[in-house]
Amino acid sequence: MSDYNGVLVYSDVPKIRLQMITAGKKITSKLGGDVSVLLFGSSVSEDEINEVAKHGADKIIVIENENLKQFDPISYTDAYQAAVEKIKPKYVLFGGTRPAVESAPRLATRYKTGVVFGCGALVIDEENNTVICGRVAMGGKAISKERIIKYPGVLIVPGGVHNIPEETEAKAEIIKITDAKISEPKIKQVNKIAKEKKGIPLNEAEKIVGVGRGFKKQEDLEMANELAKVLGNAVVGATRPLAADYGWFKEWIGISGIVVRPKLYFAIGISGAAQHVMGVKDANTIIAINKNPDADIFEFSDYNVVGDLYQILPEVVNELRNKLS
Amino acid sequence: MVRIIVPVKYSVDIDELTFASDGTPKIKEAPKKINPVDKSAMEAALRIKEKHGGEVLALTVGPEEAHKALREALAMGADDAYHVILPEEKKKDTYLTAKILAEAIKKIGDFDLVITGKITVDGWTGVVSIRLAEELGLPNLGFTAKLEVEDKKVKIRRDMGGYIEEVEAEFPVVLNVVQPIYEPRLVNVMKLMKAMKRPIHKWTVEELGFTDSDIEDAKTLELLDLRYPQIERKKIKIEEEDPKAAAQKLVELLMKDGVLSK
């Protein structure tokens, strides 16, 4: 087992890839070894390599292969495996994007090892020379702490938890793997539809106005829009029922939907179901407005305003307008 | 004719889960039921069968009582059901579950599709379906939100986070579906009563070729702690009767504490 050392990181999303370098360094600074970043595709540009190098990668593994042109779980796993064979990392860190979720567990299975999905809290256990992962479990009702006991361990780490490292002098060793055996894709993409980009995506927003079932009619959401406007650069997001049951929103905040990490989160008319709360638990500050003094949300927030949102919210908007302008 | 295997889990009913005073969940006392999204997987399979003909076979791995999940699948319309008995004390993590499912599927024999739910509400690992595909040496198509079958091929539509795509793959494939794929059909008491009398194929893990040491070796994770989240928050109460006064107090505090600034 001591054959495995250091960390290999991969993400298909450039920004998350850089965040994974930070997560990797957190591990190697205590447990030793290098942070190696895997880049692959039908071709890999100098720009991509430089971007990773100047953010502190120790090694960069490059695989160029036609079969890696687009996502295929088996072809991608072949690329992960080729990199693992080359550098024998103790941990392989994947940024938690959907392609990673659909392929990283295959790598763990190939090596008969463990995989943790949603490793939000990464704790280094120096005494045992391992990483302990804290993750949401039991459908959002509990936090579980787990340790992989076989290597290379596969950790799927959510995006947005770790910062992008400061730029530094690039000194990464570049390793090109030219003889990797990459299977031909079994999955054929027949249509790709870009998502409409409207404003700031929820998972990148610094201020979020969260709305729940306390809003009785769709037009009442205008009050929340007003609050978002007065806060500046804030995004309105909803709980699951408003999206899945009422159809007022396309997506929802929660561990079954989108996990958010804003600086400021307003929870308005939100009762505080476990799956929602766990999706906002990493917000710096949470403000809850709810007319039920026993609402669960008050256990998870910093400023608890007990009262009817229909009366309080317009007053909060007024007050902010006066004080912030 | 499409032959479909649907693995289902008899899971803790999360809505009924309670916690001990130290914050640990009372899993043994909690009621159990079929994992909700597994019913969506069943529904997807049944609709394919209704359109193209074929068979839907339900499969579970778990202790004796897990047959109840299969009863639900039979009541929904499964043609046959298979139960690999894995006593609670032998249970390990996702690696073993996927290995056992793979061996059971190989023993069941010919199939075109395996359809699973994306995640189980209690384990909440989201990796078993993908591990299973690797064990079977098959492609996996996940986050399936809509699916169609045509000429020994399956075509799905899914949201990959950054983009939406339509992809296709030739049989056999392992699919995992997300919750609202199709509303699962309702099961009435009559159907459930009938399903209770249906025979279920039962295998032990030994019959599938697993020795005790195989099972021990399959342990890849150590669970160190599982409890109700302790989230540190200030919990400052603002209970002014007058909405305007409440709003003023809130904004004053937010500015004083540096949460908001001009």
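First the proteins, then the strands, lettered A, B, ... as listed; each starts at 1.
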Heavy-atom pairs under 4.5 Å with chain A - which of [options] has more of them than the others?
options                                : value
B/Leu141, B/Ile236, B/Asp257, B/Ile231 : B/Ile236
B/Thr120, B/Val173, B/Asp217, B/Leu138 : B/Leu138
B/Met255, B/Lys249, B/Gln248, B/Lys237 : B/Gln248
B/Gly137, B/Pro139, B/Ala246, B/Pro25  : B/Pro139
B/Asp93, B/Leu254, B/Leu17, B/Val12    : B/Leu254
B/Lys118, B/Glu165, B/Glu168, B/Arg157 : B/Glu168

Heavy-atom side-chain contact between [X] and [Y] under 4.5 Å:
X        : Y        : value
B/Val61  : B/Leu101 : yes
A/Asn203 : A/Arg261 : no
A/Val131 : A/Ile148 : no
B/Val8   : B/Leu59  : no
B/Leu132 : B/Ser129 : no

Best-contacting candidate, [options], against chain B by heavy atom pairs under 4.5 angstrom:
options                                : value
A/Pro73, A/Ser301, A/Gly140            : A/Ser301
A/Lys195, A/Lys112, A/Lys186           : A/Lys195
A/Lys207, A/Lys263, A/Arg135           : A/Arg135
A/Met278, A/Lys188, A/Gln275, A/Lys192 : A/Lys188
A/Val13, A/Ile255, A/Leu231            : A/Ile255
A/Pro99, A/Gly307, A/Ser183, A/Pro201  : A/Pro99

Less than 4.5 Å to any heavy atom of chain B: does that hold for the side chain of [X], its backbone, both, or neither?
X        : result
A/Leu107 : neither
A/Glu251 : neither
A/Asn284 : backbone
A/Val101 : both
A/Ala108 : both
A/Phe300 : both
A/Ile74  : side chain
A/Ile258 : neither
A/Ile286 : both
A/Thr97  : neither
A/Leu324 : both

Using non-hydrogen atoms and a 4.5 Å limit, figure out which bit of [X] sits close to chain A: side chain, backbone, both or neither.
X        : result
B/Val127 : both
B/Ala133 : both
B/Tyr95  : side chain
B/Lys153 : neither
B/Asn35  : neither
B/Ser261 : backbone

Under 3.5 Å, is there a donor-acceptor pair between the [X] and [Y] side chains?
X        : Y        : result
B/Asn176 : A/Glu102 : yes
A/Tyr303 : B/Lys234 : yes
B/Thr94  : B/Arg131 : yes
A/Thr130 : A/Arg147 : yes

| message | So for atom CD, which belongs to A/Glu127, do other residues, nucleotides or ligands contribute more than 12 heavy atoms lying within a distance under 6.0 Å? | response |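 No - once you tally the heavy atoms of other residues, nucleotides and ligands closer than 6.0 Å, there are 12 at most.
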
| task | Please check if the distance between the ring centroids of A/Tyr4 and A/Tyr91 is under 6.0 Å. | result |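 Not close enough - the centres of the two rings lie 6.0 Å or further apart.
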
| said: Is the distance between the ring centroids of B/Phe171 and B/Phe111 under 6.0 Å? | reply: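 No, too far apart.
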
| said: What I want to find out is whether A/Arg110 reaches A/Asp78 closely enough, with some N-O distance under 4.0 Å, to be called a salt bridge. | reply: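 A/Asp78 and A/Arg110: salt-bridged.
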
| task | Before accepting this row, confirm whether a basic side-chain N of the pair B/Asp214/B/Lys99 lies closer than 4.0 Å to the acidic partner's carboxylate O. | result |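 A salt bridge is absent here (no side-chain N lies under 4.0 Å from a carboxylate O).
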
| said: Does the plane of the ring in A/His276 sit parallel, tilted or perpendicular to the ring in A/Tyr265? Use 30° and 60° as the thresholds. | reply: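 Ring orientation of A/His276 relative to A/Tyr265: tilted.
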
| task | Give me the one residue out of B/Val2, B/Ile115, B/Thr144, B/Leu113 that meets side-chain contact (heavy atoms from CB on, under 4.5 Å) with B/Val154. | result |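 Result: among B/Val2, B/Ile115, B/Thr144, B/Leu113, B/Leu113 is the only option passing the side-chain contact (heavy atoms from CB on, under 4.5 Å) with B/Val154.
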
| said: Could you go through A/Ser11 and A/Phe94, starting from their C-alpha distance and side-chain angles, then the distance that decides it, and tell me whether this counts as side chain to side chain contact (heavy atoms under 4.5 Å, CB included)? | reply: CA-CA 6 Å; A/Ser11 178; A/Phe94 288 89; over 6 Å; no

